[in-house]
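Below is one structure; the comments refer to it alone.
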Number of protein chains: 2
Amino acid sequence: MTKRIDASTMRQWNKATVLHCIRSQSPISRIQLAEVTGLNKATISSLVDELLTEQYIVEVGFGDSNGGRKPILLEFNANAAFTVGIDVQISHVTTTLCNALEQVVWEHTVDMTVPGTEVKNMLLELLTLEAKRAIAAAPASPHGVLGVGIALPGMVSFENGYVYMLPNLGVTEWDVRTPLQARLQLPVFIDNDANCGAWASYRLHPEYQNLIYVSAGIGVGAGLVMEGKLYRGSRGVAGEFGHTTIVAMGIRCSCGNYGCWERYAAQDSLYRYLLENGVTEFSEGERDFVARVVQEANRGRRECARALTTLGQFLGVGVANIANTLNPDAIFLGGQLIQAESWLLPQLRVAMQIKSVEAVRHTPIHLAKVDSMAVGAAGIALSETLYPIRMGSDTPGTVGSTLRHR
Amino acid sequence: MTKRIDASTMRQWNKATVLHCIRSQSPISRIQLAEVTGLNKATISSLVDELLTEQYIVEVGFGDSNGGRKPILLEFNANAAFTVGIDVQISHVTTTLCNALEQVVWEHTVDMTVPGTEVKNMLLELLTLEAKRAIAAAPASPHGVLGVGIALPGMVSFENGYVYMLPNLGVTEWDVRTPLQARLQLPVFIDNDANCGAWASYRLHPEYQNLIYVSAGIGVGAGLVMEGKLYRGSRGVAGEFGHTTIVAMGIRCSCGNYGCWERYAAQDSLYRYLLENGVTEFSEGERDFVARVVQEANRGRRECARALTTLGQFLGVGVANIANTLNPDAIFLGGQLIQAESWLLPQLRVAMQIKSVEAVRHTPIHLAKVDSMAVGAAGIALSETLYPIRMGSDTPGTVGSTLRHR
DNA sequence: ACACCTTGGTTTTATAAATAAACAAACTGT
DNA sequence: ACAGTTTGTTTATTTATAAAACCAAGGTGT
């Protein structure tokens, strides 16, 4: 709980409010800021002065006048600071350098093959190397590179910078943050890849204060943004929709349970549906598996189309469940499977119609940007470090009421 | 978004912090308050003076000294104000009068039979009458009765005071708040009954900042408290777990979907499981249906025990789903079916073991207090009206970032 | 051209809050 | 009795926003 407020806290808050307004509504004049924030124009002048000397903002010229002095226009300084975002997937790692407006200014992808042993060491080396490359690519700026965010495909604790499990990389119980922070001499933030996707989607669409990002690929997971905050749950593992039961007494899942959504709506299910339709030429692990199936379906191959339709229907079951339980403003779809969007989305919309209660039936369903996860990781690092931005919510950062990092 | 902070906002906030500390940690001295809040003791003195004259708190005597002046102990004034909470069920209506500590000081239950027509008028008359009784029962107090909260079994909009649908009462599209506020001349708040149950559970266990209240009875619904706030979703209808699919292509539900949780874990399912086990003597609508089944099972009637076990297993499917997706600090169980707790809880715990991911497997499962819903309704009314309490969270009231009532 | 109006932004003054420091009150133990 | 200690209040100082006066820079009408 936030405790007392004193004069300096008050000023910090107001300064953050002003900076946030400039960031989201630039170009803007001092007078407009006074109107928007409700602060006195004298106070605005003083706060703006500070922000100018700190180079968080810049004066960019004059606005139009209709019978009076021209207003001086202020803009957020996109190059005030940078953060690095790294998205770790099974086959590759994507690294982005983002500016203070969360725009990608540098990007790099390397293929990766997971070795049988020493995965942690390999990953640590790779993450260090890629982060250092990104940092080196950063242009000179007043505040430099503020931190590194990492999106990981599995269960992790944002709070502790600790990996519980990355099932498809064969990693369990790993403290990534400590060694990485030591090597990079920068704050490091790790989060679940779906959380990063959710955050990126939210930052692009701040009008959706409650949104769910569903990542469908090897597994199915979700990131939850509620009231403008990432909701991570009690132990930081909220969003495990992949292991919710949608077919009681259904197929056995690797988690021990039967009938998990993931067994009906992830990549391996598509493979199964293909087999059930007599299509045997694909192997699940092959390169561009999903894209090839889609291509065949688009060519008119009925069996592939049926498999994709079935997949879409089962994806729809879970998506409708999400809409019913969390009633979000919007649902974003990401992950490898969105390559099949033209086949999946119609099924999703049908499922929403027949499987969700009336009030949530028209929840918008969007496709997420492809590099959401890396950008989201960078965005999380930014939200946690870029003093003193409030990223559109009541309190700074991505965390709710729980203890903050460090 | 909260905008600027000025001196008076700062003082209000700090005053709220002090009052909240006294409310939750009384008896407490001024010096202790200074330590706990971080405010200067001079500031505390001044704020405490105000709270004393406003009669939100009282001086109750002296604490122990070990070599110095005895501290003056302050306590929250439980009788500073009162609110009314009304729980509307299908067969009866429970009305409570709660003090400012959310303790029940007066309670009244009336049986109700839903008429074929004019349900809205009947309800409106009944609610008015019961509320007026409760208000008349309130002792004299500095701030009087502040408001009325109403728990309704269905889909409602807290924001608009509007009922979308009360399926088991045959009511749709009804503005309750406007006429009721006019009749009572008091602020009226309506909410889903599960939300009220969740709020009551949270107020009793503020250590659980993220908790889910599952109400299992005629239907299955849930109330979500996240980061100390009721999460109501985009259109105020979050928590419809009853209509999530847990058996894809399962039994047809009244909502049009197939395989909804509610068709496997609500009261009518128990009836079905009994029939499947050859037990035909019960009728679902009869008085004390659940209690009688439990009695029979306790007497050693295997068929009844099996039916209850099956019910517990299916209840467990959904509860495990909730744990997986929302990773709450705790789950509370309420509704008519908890009369069968001795049969259901063991099954729930088994389900949590085999159906939830490791990290959430030990989520505590508690039984809710029986009158949770009425007390929760009163608590919501209190949180929204009792200036200037922050009920343990960052911002006042039960609502997140969205617009506040009035 | 120039008085006059309008709008944007700054400086000066006022006010309200918290803090710091001095002070008063009340108690314990020797 | 009195030294030392703890609690709580009063007074002075600091730091913030707000209000008002002021300055700057543009437009407009005559």
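FYI, side chains are in, hydrogens and waters are out, and symmetry mates aren't considered; it's all heavy atoms of this structure. Naming convention: chains lettered A, B, ... in sequence-line order (proteins, then strands); numbering from 1 in each chain.
OP1 or OP2 of C:dA18 has not a single side-chain nitrogen or oxygen of A:Arg4 nearer than 4.0 Å. Residue B:Arg69 has no polar side-chain atom (N or O) positioned under 4.0 Å from OP1 or OP2 of C:dA24. For D:dT17, one of the phosphate oxygens OP1 or OP2 lies less than 4.0 angstrom from a side-chain nitrogen or oxygen of A:Asn14. Taking side-chain N and O atoms only, B:Thr43 has a distance below 4.0 Å to OP1 or OP2 of C:dT19. Distances shown here put every side-chain N or O of B:Ser45 at or beyond 4.0 Å from the OP1 or OP2 atom of D:dG8.
Protein atom NZ of B:Lys15 is 14 Å distant from nucleotide atom C1' of C:dA16, rounded to whole Å. Taking atom CD1 of A:Ile31 as the reference point, atom C1' of C:dT10 lies 11 Å away to the nearest angstrom. Computed from coordinates, the A:Asn40 CG to C:dA16 P distance equals 15 Å when rounded to whole Å. Across the protein-nucleic acid pair, B:Leu39 atom CG and C:dA17 atom P stand 14 Å apart, rounded to whole Å. Across the protein-nucleic acid pair, B:Gln32 atom CD and D:dT6 atom C1' stand 12 Å apart, rounded to whole Å. Summarising the geometry, the separation between NZ on B:Lys41 and P on C:dA25 is reported as 15 Å, rounded to the nearest angstrom. With rounding to whole Å, B:Met10 atom CE is found 8 Å from C:dA16 atom C1'. Atom CG of A:Asp49 is separated from atom C1' of C:dT11 by 12 Å (rounded to the nearest Å).
The C1' atoms of five pairs define one axis at each end of the helix from C:dA1-D:dT30 to C:dT30-D:dA1, and these two axes lie 10° apart (to 10°).
In this structure, A:Glu59 pairs ionically with A:Arg30, as a charged nitrogen and a carboxylate oxygen lie closer than 4.0 Å. Residues B:Arg232 and B:Asp191 are paired through a salt bridge, judged by an N-O separation under 4.0 Å between the basic side chain and the carboxylate. Using a cut-off of 4.0 Å between Lys/Arg side-chain N and Asp/Glu carboxylate O, B:Glu50 and B:Lys15 are scored as salt-bridged.
Side-chain atoms of A:Ala42 lie closest to D:dA20 of the nucleotides D:dG8, D:dA20, D:dT10. Distances from the side chain of A:Arg11 to the nucleotides D:dG8, C:dA17, D:dA16 place D:dA16 closest. The B:Asn66 side chain lies nearest to D:dT6 when the options are D:dT6, D:dT17, C:dA22.
There is a side-chain donor-acceptor pair under 3.5 Å between A:Thr9 and A:Asp6. Between B:Ser157 and B:Arg177, the side chains place no donor N or O within less than 3.5 Å of an acceptor N or O (distance only, hydrogens not considered).
Closest heavy-atom contact between A:Leu230 and A:Asn195: CD2-O, 3.6 Å. A:Leu47 and A:Leu39 make their closest contact through CD1-CD1, 4.2 Å (heavy atoms, listed as atom of the first residue, atom of the second, distance).
Each of B:Phe62 and B:Ala7 was assigned the nucleotide of DNA chain C with the nearest heavy atom; the assignment lying further toward the 5' end belongs to B:Ala7. Residue whose closest nucleotide on DNA chain D sits further toward the 5' end, between B:Ser29 and B:Gly67: B:Gly67.
With B:Tyr202 as the fixed residue, the side-chain hydrogen bond (donor to acceptor under 3.5 Å, both in side chains) test singles out one of B:Gln209, B:Glu207, B:Lys229: B:Gln209.
If you check every strand for non-hydrogen atoms under 4.0 Å, B:Asp6 touches sugar and phosphate atoms only. Nucleic acid contact for B:Ser65: sugar-phosphate only, since backbone atoms but no base atoms lie under 4.0 Å from a heavy atom of the residue. Heavy atoms of A:Ile44 sit nowhere under 4.0 angstrom from any nucleic acid atom.
Side-chain to base pairing of A:Lys70 with C:dG8: no donor and acceptor N or O lie closer than 3.5 Å to each other.
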